[in-house]
Amino acid sequence: MKKLLLLFVLIITSCQTTTKITEKEVMDSFDNFFDTVDNNLDQFGSIVTDDFFIYENSRRYSKDEFIEFVSGFDIIEIKRDFKDIVIDTDINSAHISLNQTGEFIVNTPDGKVKMNFNWLESAYLLKENNILKYKFYFSEAIENSTTKIED
């Protein structure tokens, strides 16, 4: 009887399907990441893991350091474009790599400037309580320029 019960449990557990994280789930999380960074930074902690860190500008930032860094800019306008997106997933994690271009109009002590960037980026996400959260983000500018805007 024990063998039959064990066999039954083994069959039931092996028949349960676990589904991979979909590319749509990753892209929804990705869109939410930048919406949060650009518009709702006080919610940043809800989309990242407790031990999240980002490597940007050749520097490692903790979650709090990154929030402080981003908060230091007086950004008036943001335009972002993402291309060459590659996504890999399994049942508990996802990886995304891409090329991002961005244009930012920023107030500075010397007046308004337009900042243009081209970044190579990569991120690792984990599923926590059925929600994809960012554990790591890598962003390295491969091109950038700053132009003063006449008022």
Mind checking the [atom1]-[atom2] spacing from [X] to [Y]? Nearest 0.5 Å is all I need.
| X | Y | atom1 | atom2 | answer |
| --- | --- | --- | --- | --- |
| I105 | D74 | CD1 | CG | 12.0 Å |
| D28 | D35 | CG | CG | 12.0 Å |
| I85 | K83 | CD1 | NZ | 11.0 Å |
| M115 | S145 | CE | OG | 9.0 Å |
| W119 | N144 | CH2 | CG | 9.0 Å |

Exercise for the section: Evaluate the side-chain contact (heavy atoms from CB on, under 4.5 Å) criterion for residues K112 and I76: first the C-alpha distance (whole Å), next the side-chain angles of each, then the deciding distance (0.1 Å), finally the verdict. Expected result: CA-CA 9 Å; K112 291 181 185 173; I76 302 167; 3.7 Å; yes

Lys/Arg N to Asp/Glu carboxylate O, [X] vs [Y], below 4.0 Å:
| X | Y | result |
| --- | --- | --- |
| K127 | E25 | yes |
| D110 | K148 | no |
| E77 | K79 | yes |

Do [X] and [Y] come within less than 4.5 Å of each other through their side chains, counting heavy atoms only?
| X | Y | value |
| --- | --- | --- |
| F104 | F117 | yes |
| D51 | K135 | yes |
| I96 | L125 | yes |
| V70 | L41 | yes |
| I47 | N32 | yes |
| I21 | L132 | yes |
| I87 | M27 | yes |
| F30 | L98 | yes |

Problem - Neighbour count above 12 (heavy atom, 6.0 Å) for K133 NZ - result: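 Above 12, so yes.
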
Handout entry: Crowding at CD, E140 (>12 non-hydrogen neighbours, <6.0 Å)
Key =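 More than 12 within 6.0 Å, yes.
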
Relative to each other, are the rings of [X] and [Y] parallel, tilted or perpendicular (30° and 60° limits)?
| X | Y | answer |
| --- | --- | --- |
| F33 | Y137 | parallel |
| F69 | F73 | perpendicular |
| F138 | Y55 | parallel |

Problem - Same cluster (ILVMFWY, side-chain, under 4.5 Å), V37 and V26 - result: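 Same hydrophobic cluster.
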
Practice task
Find out if a path of hydrophobic residues (ILVMFWY) with successive side-chain heavy-atom gaps under 4.5 Å connects F53 to F66.
Solution key: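 Different clusters.
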
Problem - Whether E68 side chain and E65 backbone form a donor-acceptor pair below 3.5 Å - result: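 Checked: no pair found.
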
Problem - Intermediate values then yes/no, side-chain contact (heavy atoms from CB on, under 4.5 Å), E103 and K114 - result: CA-CA 7 Å; E103 179 182 288; K114 179 169 72 169; 3.6 Å; yes

Strictly by modelled atom types, are [X] and [Y] linked by a side-chain donor-acceptor pair under 3.5 Å?
| X | Y | result |
| --- | --- | --- |
| S139 | E121 | yes |
| N118 | N99 | yes |
| S93 | D90 | yes |
| T49 | E128 | no |

Exercise for the section: Could you give me the CA-CA distance, side-chain angles and deciding distance for K63 and D50, then say whether salt bridge (Lys or Arg N to Asp or Glu O under 4.0 Å) is met? Expected result: CA-CA 8 Å; K63 175 182 66 175; D50 290 338; 5.1 Å; no

Exercise for the section: Indicate, with yes or no, if the rings of F34 and F82 have centres closer together than 6.0 Å. Expected result: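 Between F82 and F34, which both carry aromatic rings, the centre distance is below 6.0 Å.
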
Handout entry: Aromatic centroids of F44 and F52 separated by under 6.0 Å
Key =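 Yes, they do, as the ring centres are separated by less than 6.0 Å.
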
Handout entry: Worked check of side-chain contact (heavy atoms from CB on, under 4.5 Å) between R80 and D38
Key = CA-CA 10 Å; R80 297 181 189 269; D38 293 343; 2.6 Å; yes

Practice task
Would you please test L126 and N92 for side-chain contact (heavy atoms from CB on, under 4.5 Å) and show each step?
Solution key: CA-CA 6 Å; L126 291 176; N92 294 312; 5.7 Å; no

Exercise for the section: State, to 0.1 Å, how close S46 and Q43 come at their nearest heavy-atom pair, and which atoms those are. Expected result: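 Closest pair (atom of S46, atom of Q43, distance): OG-O, 2.7 Å.
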
